[in-house]
Amino acid sequence: MENSIKSFFSTTINKYLAENTAARILAHSLEKCGVGLSPLIDHCTIRTHDVEKRSQAFLEQGFEHDQSIGVLEFDSWWAKVYRKPGWPALFIDQAFSGKRGQNSIIPEWVDEYGDECFHHIAVVVEKIENAMKVLKLKNVEFAGKIVGDPGTDLRQIFTLPEVKNGKVYSVLELIERHNGYIGFLPPQANGLMESTRLS
Ligand SMILES: [Fe+2]
């Protein structure tokens with residue numbers, strides 16, 4: 001069982017790295033200093049048309065829905081977080097069905113790329129500003145501003161999305177966590193989602 005989880009993460013992360021320049025640059029730098037990328041992955045995000053259906057495979061592998069987080073509801077989309085100790089958390093999201101989901105950017109993305117790949121992975125850093133400074137030297141660009149004020153429990157930023165055939169694809173997330181906070185703040189996650197809308 002652990003082997004199939006291992007192969008899921010290594011295959012999907014490798015595919016993601018092959019197609020995301022920012023993440024590849026960060027991964028190479030972490031390898032160079034002997035740290036490696038994997039220990040620093042906070043969560044991996046899957047966009048889907050159907051969270052319950054997509055999560056089934058992970059539940060079968062021993063992941064559990066994080067009941068303390070419950071269902072994270074946003075304007076036009078919702079998400080659940082699945083955890084298994086020792087593995088990155090999986091954040092799985094979808095648009096609301098019907099009118100409420102109309103403005104969501106998720107369905108079109110899933111039509112284009114499916115739900116077997118990662119939309120993003122989030123890498124924990126000590127200070128987002130420092131990580132951004134180093135990545136900017138390597139020409140990595142960021143989408144919008146850091147969400148979350150300095151000193152708060154959770155701060156996040158996305159890189160500019162990869163663009164495939166004129167359409168936005170994956171991003172890299174940098175994440176700062178403090179005070180033992182392991183959740184995802186609703187207004188904040190929505191701001192991040194919107195930062196990847198192709199204007
Ligand atoms: Fe994220």
Side-chain angles (χ1 to χ4, degrees), residues 8-9 12-13 15-17 19-27 30 37-48 51 54-55 58 63 65-66 68-84 87-95 104-107 109-110 113-129 131-132 135 140-149 152-162 168-198:
F8 163 75
F9 277 110
T12 318
I13 289 172
K15 174 180 163 57
Y16 166 82
L17 289 176
E19 297 173 324
N20 189 293
T21 308
R24 215 163 46 242
I25 288 170
L26 183 66
L30 288 166
L37 178 66
S38 291
L40 300 176
I41 297 178
D42 180 84
H43 62 273
C44 299
T45 290
I46 294 176
R47 288 178 165 180
T48 183
V51 169
R54 185 65 187 93
S55 62
F58 303 111
F63 277 78
H65 171 222
D66 187 334
S68 68
I69 288 177
V71 177
L72 290 159
E73 288 200 14
F74 304 93
D75 290 353
S76 62
W77 59 283
W78 60 274
K80 282 185 175 181
V81 176
Y82 297 85
R83 299 187 192 273
K84 182 176 165 81
W87 299 97
L90 288 166
F91 185 104
I92 308 183
D93 59 45
Q94 70 164 85
S104 171
I105 54 181
I106 296 173
W109 194 97
V110 179
Y113 305 113
D115 64 2
E116 296 293 324
C117 57
F118 292 141
H119 168 260
H120 67 267
I121 68 171
V123 177
V124 190
V125 298
E126 189 173 325
K127 195 169 180 214
I128 285 181
E129 286 85 349
M132 286 175 73
L135 288 169
V140 173
E141 293 180 275
F142 291 84
K145 291 195 174 104
I146 299 169
V147 291
D149 291 331
T152 54
D153 289 350
L154 183 68
R155 304 182 73 213
Q156 296 160 283
I157 192 163
F158 277 163
T159 56
L160 278 187
E162 290 285 330
V168 294
Y169 182 32
S170 67
V171 302
L172 169 69
E173 177 182 334
L174 301 177
I175 185 166
E176 225 184 283
R177 289 188 181 277
H178 302 285
N179 307 312
Y181 186 73
I182 58 165
F184 297 85
L185 297 169
Q188 208 157 293
N190 210 39
L192 273 182
M193 173 74 79
E194 290 303 314
S195 74
T196 66
R197 195 184 280 277
L198 194 60

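Remember, it's 1-based here, ligands and their atoms both numbered in the order they're listed.
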Does the side chain of W87 come within less than 4.5 Å of Y82's, by heavy atoms?
->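 Y82 vs W87: side chains apart.
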Is any side-chain heavy atom of E19 less than 4.5 Å from a side-chain heavy atom of R24?
-> no
Test side chain to side chain contact (heavy atoms under 4.5 Å, CB included) on L135 and L174 and set out the steps.
-> CA-CA 11 Å; L135 288 169; L174 301 177; 4.1 Å; yes
Ring-ring centroid check F58 F91, cutoff 6.0 Å |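 Ring-ring flag for F58/F91: false, centres at least 6.0 Å apart.
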Run through the protein N/O/S atoms less than 2.8 Å from the Fe ion (ligand 1) and write them out by chain and number.
-> H43 NE2, H120 NE2, E173 OE1
What are the two closest non-hydrogen atoms of A22 and E162, and how far apart are they?
-> N-OE2, 4.3 Å
Using distance only, find each side-chain donor-acceptor pair of residues 121-129 under 3.5 Å and give its atom names and separation, not counting sequence neighbours.
residue: E129; atom: OE1; partner: R155; partner atom: NH1; Å: 3.1
residue: E129; atom: OE2; partner: R155; partner atom: NH1; Å: 3.3
residue: E129; atom: OE2; partner: R155; partner atom: NH2; Å: 2.9

